[in-house]
Amino acid sequence: MTVRVRFAPSPTGELHIGSVRTILYNYLFAKQNGGALVLRIEDTDQARLDPRALPSIYDGLHWLGIGWDEGPREGGPYGPYVQSERLPLYREHAQRLVDQGDAYFCFCSKERLDQLRAQQQARKELTRYDRFCRRIEPALAAERAARDPHVVRLKVPDAGVVAIDDLVHGKVEWQLATIEDQVLLKSDGFPTYHLAVVVDDHLMEVTHIIRGEEWLASVPKHILVYRAFGWDVPPMAHVPLVLGPDGKKLSKRHGATRVTEFREQGHLPEALVNYLALVGWAPGTEDEVFSLDDLIARWRIEQVQKAGGKWDVERLRWFGGVWMRRLSEDELARRLDGVLPPEWDRSVVRAAIPVIRERMEVLTQARDLIAFLFTDVAPEAPLLVAKKRTAEETRAALARATSALGALPAFGHAQVEDALKAVAMDLGWKQGDLNMPVRVAVTGTKVGPPLYESIELLGRERALARLERAETVLAG
RNA sequence: GGCCCGGUCGCCUAGUGGUCUAGGGCGUCUCCCUUUCAAGGAGAAGGUCACGGGUUCGAAUCCCGUCCGGGCUACCA
């Protein structure tokens, strides 16, 4: 039997980083088993639809390099892959359960339900549906259903136990007495998640259900539905949640959570995938830098952690640095293309890559690192003055550096280095004491890429002009 | 409240009865390298394995209890 797994986002918002981790695990499982990955859109909550959701799922996963085999746009033999286009299917199946006596029509109003809940709360009882409509004669209920608004509820047995052998948690079981008569079909004709997942996973021949742990609690309801239909329950794996720093499910109030945001912040997709895979999984060896292909080869569902893992941007950034240095210079130049202002000369950018690459964790850092090559700098006098020297001494030193650089027959970083070393020697200054004012004069800041290379990149003309301007500032 | 899941350094984790004086990575700190910042190298600090009982010659690893955290508890997914 070929493996078929799915990821089933509900299009209620942009692609979330926590969903990506679950999708990634599904992807890895499918790939390493030569199976298929299916994208199914669970848009059964019509009130919460967000038009940005779909594009962000496609763009985000494409950016990350995670591909799938069947879905709304790519089609496939089990379509449609959007639940709102499968309504008749759910209706038929719900009807079948009613006909079999495993489900029933419920006509209770929102008001009655609210009131019931309030009363139960006041009495400190369990808040759950009182099965009021379960007592209605089936024939009468069917008749009413033809004209009155209604939902379909699952008839949960009063007693008994259901259990699964979860791939990550092991055996988990529930007393049916603690489960309420779940709504399966809503009054607007849409199914609830609980009906739709079961029907679709079965019809789409999904062989393994890998999803977030937030779904673990609804497993008994699903088992009951499978049972009522006489279907087999596929193996399930409830993977741990990605948590915020406070230990609660990662959400927007913890900061960036949308894939789009990380992309905009300049994170490398390789780093995101690598980092994310390691929240909730470890190979058991001391390796930790993994490409998507490495992960396909090494990830194992049995090694997935039970406990949730906290999101750690610092660690993500560290992986960013690692991957930054693994990218070829040409590739890095391509990645930078969309990040840097279009007017910045790409040949200059390309030339600067060797010196900025190991200083970057995210692409956007390149902007600050090489801005001095494209925009004028106007350093203030206090910043220019060398350590333990006066403004005048610094000015004089800069003047000597200026003429030394001006006299150079060739203007490569090696020559620049020789010249500045000679000046420092003459002056009797420590190299760093001379280089700092030169750096500030030429780049405008105290930190940046190596000085000699920076000066070479800038070119003689502009370097000398900036040095002269710094002298003026110091003289002034 | 109820049901369910979880609990190893600040964070991600290795570890499935003895080789654990609990290993690695991130972060932090120190030193080296050095024209700044990085990168790189060498080191350090940091965990009574939530706690308490057992079982066992021996427990982070097995059992029970407690505590703490989380998820779910909608005609949301």
Side-chain angles (χ1 to χ4, degrees), chain A residues 8-12 42-45 47-48 106 108-110 113-114 117 121 124-129 149-153 166 168-169 172-175 177-180 182-194 196-197 212-220 238 240-241 243 245-249 275 278-289 303 305-319 321 324-325 355-361 365 369 417 420-421 424 430-436 438-440 443 445-454:
Chain A
S10 66
T12 52
E42 309 216 322
D43 59 345
T44 55
D45 185 350
R48 296 199 306 155
C106 169
C108 293
S109 66
K110 173 115 177 24
L113 260 17
D114 288 344
R117 190 171 302 118
Q121 265 161 4
K124 293 194 191 318
E125 287 173 6
L126 254 39
T127 53
R128 46 194 242 184
Y129 182 58
H150 60 275
V151 302
V152 172
R153 283 183 187 271
D166 190 89
V168 344
H169 292 278
V172 183
E173 58 177 32
W174 296 264
Q175 293 291 331
T178 65
I179 312 298
E180 79 170 329
Q182 183 62 41
V183 172
L184 297 177
L185 200 67
K186 302 188 261 187
S187 56
D188 63 0
F190 280 73
T192 58
Y193 173 83
H194 308 293
V197 250
E213 201 188 302
E214 69 262 42
W215 294 113
L216 190 53
S218 45
V219 167
H238 288 87
L241 299 176
L243 277 17
D246 60 355
K248 293 193 196 331
K249 201 157 80 164
Y275 167 70
L278 259 14
V279 178
W281 172 78
T285 64
E286 286 174 4
D287 308 321
E288 56 183 354
V289 178
Q303 294 173 319
Q305 198 79 8
K306 287 183 169 78
K310 289 179 185 163
W311 178 258
D312 179 4
V313 201
E314 282 308 312
R315 190 161 150 83
L316 201 215
R317 291 183 67 95
W318 178 79
F319 275 110
M324 208 59 82
R325 280 168 255 126
V355 298
I356 60 171
R357 196 238 290 261
E358 67 193 26
R359 271 154 258 265
M360 298 198 314
E361 293 179 319
Q365 286 175 306
L369 252 13
E417 176 170 2
L420 289 180
K421 282 190 168 164
K430 288 204 297 191
Q431 197 63 48
D433 290 347
L434 172 65
N435 285 8
M436 190 49 81
V438 173
R439 170 181 294 281
V440 173
T443 70
T445 65
K446 299 183 107 149
V447 297
L451 216 215
Y452 312 131
E453 282 83 350
S454 295

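Residue numbers begin at 1 in each chain, while the letters A, B, ... track the order of the sequences.
Nearest to the side-chain atoms of A/Val172 among the listed nucleotides B/A74, B/C5, B/U35 stands B/C5. Ranking B/C37, B/C3, B/U35 by closeness to the A/Lys421 side chain, first place goes to B/U35. Of all nucleotides listed (B/U36, B/C4, B/G24), B/G24 comes nearest to the side chain of A/Glu286. Of the candidates B/A14, B/A38, B/C75, the closest approach to any side-chain atom of A/Thr192 belongs to B/C75. Relative to the side chain of A/Leu113, the nucleotides B/C76, B/C75, B/C12 differ in distance, and B/C75 lies closest.
Here the separation of B/U8 from B/U13, taken at their C1' atoms, is 9 Å to the nearest Å. The gap from the C1' atom of B/C72 to that of B/U55 amounts to 35 Å, rounded to the nearest Å. B/A44 and B/G24 have their P atoms separated by 10 Å, with the value rounded to a whole Å. Look at the C1' atom in both B/G23 and B/U16: the space between them is 16 Å, to the nearest Å. Straight-line distance between the P atoms of B/A60 and B/A22: roughly 9 Å, to the nearest whole Å. The gap from the P atom of B/C49 to that of B/C11 amounts to 16 Å, rounded to the nearest Å. Comparing the C1' positions of B/G15 and B/G7 gives an interatomic distance of 16 Å, to the nearest angstrom.
Heavy-atom distances to RNA chain B give each of A/Lys306 and A/Ser10 a nearest nucleotide, and the one nearer the 5′ end belongs to A/Lys306. If A/Glu214 and A/Arg439 are placed on RNA chain B by their nearest nucleotide, the residue sitting closer to the 5' end is A/Arg439.
When side chains are defined from C-beta on, A/Gln365 does not count as touching A/Arg359, because their heavy atoms never get closer than 4.5 Å. Residues A/Arg325 and A/Arg357 are in side-chain contact: their nearest non-hydrogen atoms beyond the backbone lie under 4.5 Å apart. Put simply, the side chain of A/Val219 does not reach to within 4.5 Å of the side chain of A/Val172, judged on heavy atoms. Inter-residue side-chain proximity for A/Val168 and A/Glu213 is flagged as unmet; no heavy-atom pair is nearer than 4.5 Å.
For the pair A/Tyr193 OH and B/A77 P, the computed distance is 10 Å after rounding to whole Å. At whole-Å resolution of the value, CG in A/Leu241 and P in B/C11 are 17 Å apart. Going from atom CD of A/Glu358 over to atom P of B/A38 covers 12 Å, rounded to whole Å. For A/Asp246 and B/G7, the CG to P distance is 19 Å, given to the nearest whole Å. In this structure, A/Ile179 places its CD1 atom 9 Å from P of B/C4, rounding to the nearest Å. If you take NE2 of A/His169 and P of B/G71, they are 14 Å apart, rounded to a whole angstrom. Atom P of nucleotide B/A38 and atom CD of A/Glu453 are separated by 17 Å, given to the nearest angstrom. A straight line from NZ of A/Lys124 to P of B/U73 spans 21 Å, rounded to a whole angstrom.
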Check the pair A/Lys186 / A/Thr192 against side-chain contact (heavy atoms from CB on, under 4.5 Å), numbers first and verdict last. CA-CA 6 Å; A/Lys186 302 188 261 187; A/Thr192 58; 3.7 Å; yes

For A/Tyr193 and A/Asp45, run side-chain hydrogen bond (donor to acceptor under 3.5 Å, both in side chains): C-alpha distance rounded to whole Å, both residues' side-chain angles, the deciding distance at 0.1 Å, then the answer. CA-CA 9 Å; A/Tyr193 173 83; A/Asp45 185 350; over 6 Å; no

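In this structure, A/Pro191 and A/Thr44 approach most closely via the heavy-atom pair O-CB, 3.4 Å. Contact between A/Pro283 and A/Gln303 at its shortest, heavy atoms only, is O-NE2, 3.1 Å. For the pair A/Trp174 and A/Leu216, the tightest heavy-atom approach, listed with the atom from each and the gap, is CZ2-O, 3.3 Å. Shown here for A/Ser454 and A/Pro449, the closest heavy-atom pair between the two residues is OG-O, 3.4 Å.
Listed pair A/Arg325 / B/G40 meets the phosphate criterion, a side-chain N or O lying under 4.0 Å from OP1 or OP2. Neither OP1 nor OP2 of B/G71 sits under 4.0 Å from any side-chain N or O of A/Lys249. Taking 4.0 angstrom as the limit, A/Lys186 places a side-chain polar atom (N or O) nearer than this to OP1 or OP2 of B/C76. The side chain of A/His238 places no N or O atom within less than 4.0 Å of a non-bridging phosphate oxygen (OP1 or OP2) of B/C5. In this structure, A/Thr44 reaches the B/A77 phosphate: one of its side-chain N or O atoms is under 4.0 Å from OP1 or OP2. Contact between the side-chain N/O atoms of A/Lys248 and the OP1/OP2 oxygens of B/G70 is found at a separation under 4.0 Å. Contact annotation: A/Gln365 side-chain N/O to B/C37 OP1/OP2 distance is not under 4.0 Å. Here A/Arg128 does not reach the OP1 or OP2 of B/U73: none of its side-chain N or O atoms lies under 4.0 Å away.
If you check B/U28 for Watson-Crick or wobble pairing at under 3.5 angstrom, you find it paired to B/A44.
Using a 4.0 Å heavy-atom distance criterion, A/Glu125 is classed as making no nucleic acid contact. Nucleic acid contact for A/Trp311: none, since no nucleic acid atom lies under 4.0 Å from a heavy atom of the residue. Using a 4.0 Å heavy-atom distance criterion, A/Gln121 is classed as making no nucleic acid contact. Using a 4.0 Å heavy-atom cutoff across all strands shown, A/Arg357 reaches no nucleic acid atom at all. A/Leu216 comes within contact range of the sugar-phosphate backbone alone, with a heavy-atom separation under 4.0 Å but no base atom that close. Within the nucleic acid shown, A/Pro449 comes within 4.0 Å of at least one base atom, counting heavy atoms only. Counting any heavy atom pair closer than 4.0 Å across all strands shown, A/Pro149 reaches no nucleic acid atom. Base contact: A/Val151 has a heavy atom under 4.0 Å from a base atom. Within 4.0 Å (heavy atoms only), A/Gly280 reaches sugar-phosphate atoms of the nucleic acid but no base atom. Base contact: A/Tyr452 has a heavy atom under 4.0 Å from a base atom. Contacts of A/Gly448 with the nucleic acid, taken as non-hydrogen atoms under 4.0 Å apart, include base atoms.
Contact of A/Ser187 with B/C75 (side chain to base): a donor-acceptor pair of N or O atoms is detected under 3.5 Å.
Note that CG of A/Leu316 is 11.0 Å distant from CG of A/Leu278, once rounded to the nearest 0.5 Å.
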Protein-to-nucleotide contact annotation, 5' to 3' order, nucleotides 26-33 of chain B [B base; S sugar-phosphate only; - none; under 4.0 Å, heavy atom]: SS------

